[in-house]
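Below: one structure, written as structure tokens.
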Amino acid sequence: MPNTSKLIRPLVHALHAYVPGEQPKVKGLIKLNTNENPYPPSPKVIKATKAAVDGRLRLYPNPTAQVLREKLATLHGCAPENIIIGNGSDEVLALATRTFVEPATTKRSSKSTIQYFWPSYSLYPVLADIHGGAKNVVPLKADFSLPSVAELKRGKKWDFNAALTFVTTPNAPSGRGYPTAELDALCAAMKGVVILDEAYVDFADESAVMLALKHPHVIVSRTFSKAYSLCFQRVGYFIAHAELVAALDKVRDSYNVNGLGQIAAAATLDDLPYYRKNFRRVIASRTKVTEELTALGFTVLPSQTNFVLARPPKFPAQEWLQKLRDQKIIVRWFSAPEVRDYLRITIGSETEMAEFLRVVKRLLKA
Ligand SMILES: *Cc1c(COP(=O)(O)O)cnc(C)c1O
């Protein structure tokens with residue numbers, strides 16, 4: 001009888017898996033923990049998706065999500081050859097590690113290096129570890145802003161030749177946005193592939209999508225999950241130089257994007273005014289929640305996303321997490337030292353945020 005534990009690669013034994021925010025099924029729960037959009041998909045998207053549930057579930061979907069890529073190319077002013085779709089943007093981020101990064105050997109090399117600022121999206125270290133890449137983690141500045149190229153050079157830790165660099169912009173979990181000019185300067189100084197992860201960009205003042213069309217080594221990553229209320233369907237994509245897209249395409253599973261996801265995402269692009277209205281609602285709530293929490297003694301970082309990172313008064317952040325949970329409100333708390341004093345609060349609907357603020361006031365008085 002083989003020892004099952006010995007069947008598993010040591011790399012996998014040592015792996016710290018990604019921890020997704022929980023999805024409890026509790027009635028009346030206010031869920032402000034995973035940055036989902038509080039508003040439903042457009043009625044046209046629901047209709048198109050339902051209309052596709054018939055005998056064609058028997059067939060394989062279009063392997064390259066051709067219709068969706070053509071629509072995205074029109075939207076971004078590029079060619080379909082500049083777009084690759086994934087089963088959520090998480091899948092394309094993983095594909096990038098397999099396409100651009102050599103697994104690490106004992107000798108440290110830029111060719112095996114996956115680099116990112118910290119704090120940022122906690123999936124990056126997991127992707128690096130799964131692939132067997134070497135991690136180079138460089139801190140953001142104390143206020144979560146980006147170090148300049150000159151500061152990175154002076155700091156000596158940043159690897160300008162790293163095979164793959166992830167930049168979350170706007171940043172998660174801080175919510176801070178980065179000016180395109182700063183990102184452009186950073187990209188111009190890099191020799192390896194740079195992925196600008198724009199998961200939250202629809203809630204921001206500016207997008208850096210033009211950098212993917214300007215620099216051949218720069219990729220912009222987008223998702224239908226957060227801004228387009230489509231987490232359930234798992235659709236994300238890269239915009240990049242055609243040669244990088246062709247390379248990623250060779251590594252991709254043939255049918256990586258399910259048919260209903262392709263249809264829902266394509267229908268989404270046919271009703272953008274509906275979503276733009278929702279972005280404005282979320283941004284208006286974000287402004288209001290920021291003002292009210294600040295008045296209550298919270299330190300709230302300026303946000304360009306659909307969440308805020310806030311340092312609470314009176315109790316430690318982890319205690320707030322529990323107190324809110326007892327009142328059926330779940331927010332996110334991260335144990336990393338840079339952010340352990342903060343709560344990350346997703347912007348929910350107007351009603352949800354009013355209830356959240358009511359509970360916060362009650363807890364402050366107790
Ligand atoms: C949510 C998120 C993603 C991935 O979303 P998908 O649902 O896989 O498309 C990517 N990057 C960041 C920073 C995110 O917060």
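Counting starts at 1 for both ligands and their atoms, in listed order. The figures here come from the full heavy-atom set of this structure, side chains too, leaving out hydrogens, waters and symmetry mates.
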What atoms in ligand 1 come closer than 4.0 Å to a heavy atom of [X]?
X	result
Ser225	6 (P), 7 (O), 9 (O)
Thr168	13 (C)
Gly88	8 (O), 9 (O)

| query | Any idea which of Gln233, Arg222, Lys226 brings a heavy atom closest to atom 14 (C) of ligand 1? | reply | Lys226
| request: Using modelled atom types only, decide if a donor and an acceptor are shared between the side chain of Glu352 and the backbone of Lys31 within a distance under 3.5 Å. | output: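 No, the answer is negative, given that no donor and acceptor are paired below the 3.5 Å cut-off.
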| Within the side chain of His131, is there an N or O that forms a donor-acceptor pair under 3.5 Å with the backbone of Val101? | yes
| query | What about the rings of Tyr228 and Phe279, do their centers lie closer together than 6.0 Å? | reply | yes
| query | Considering only heavy atoms from C-beta outward, does the side chain of Arg281 approach that of Glu350 to under 4.5 Å? | reply | yes
| query | Going by heavy atoms, is Arg234 under 4.0 Å from ligand 1? | reply |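 Per 4.0 Å heavy-atom rule, Arg234 contacts ligand 1.
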| request: Give a yes/no verdict on whether any heavy atom in Ser89 is under 4.0 Å from an atom of ligand 1. | output: yes
| task | Can you pull out the closest protein heavy atom to atom 11 (N) of ligand 1? Residue, atom name and distance to 0.1 Å, please. | result | Asp197 OD2, 2.7 Å
| said: Just to confirm my output: which protein heavy-atom neighbour is closest to atom 15 (O) of ligand 1, and how far is it? | reply: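 Its nearest protein heavy-atom neighbour is Tyr200 OH, 2.6 Å.
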| request: Take Asn171 and Thr168, measure what side chain to side chain donor-acceptor pair (under 3.5 Å) needs, and give me the verdict at the end. | output: CA-CA 5 Å; Asn171 181 260; Thr168 319; 4.6 Å; no
| query | Would you call the rings of Tyr124 and Tyr116 parallel, tilted or perpendicular if under 30° counts as parallel and over 60° as perpendicular? | reply | tilted
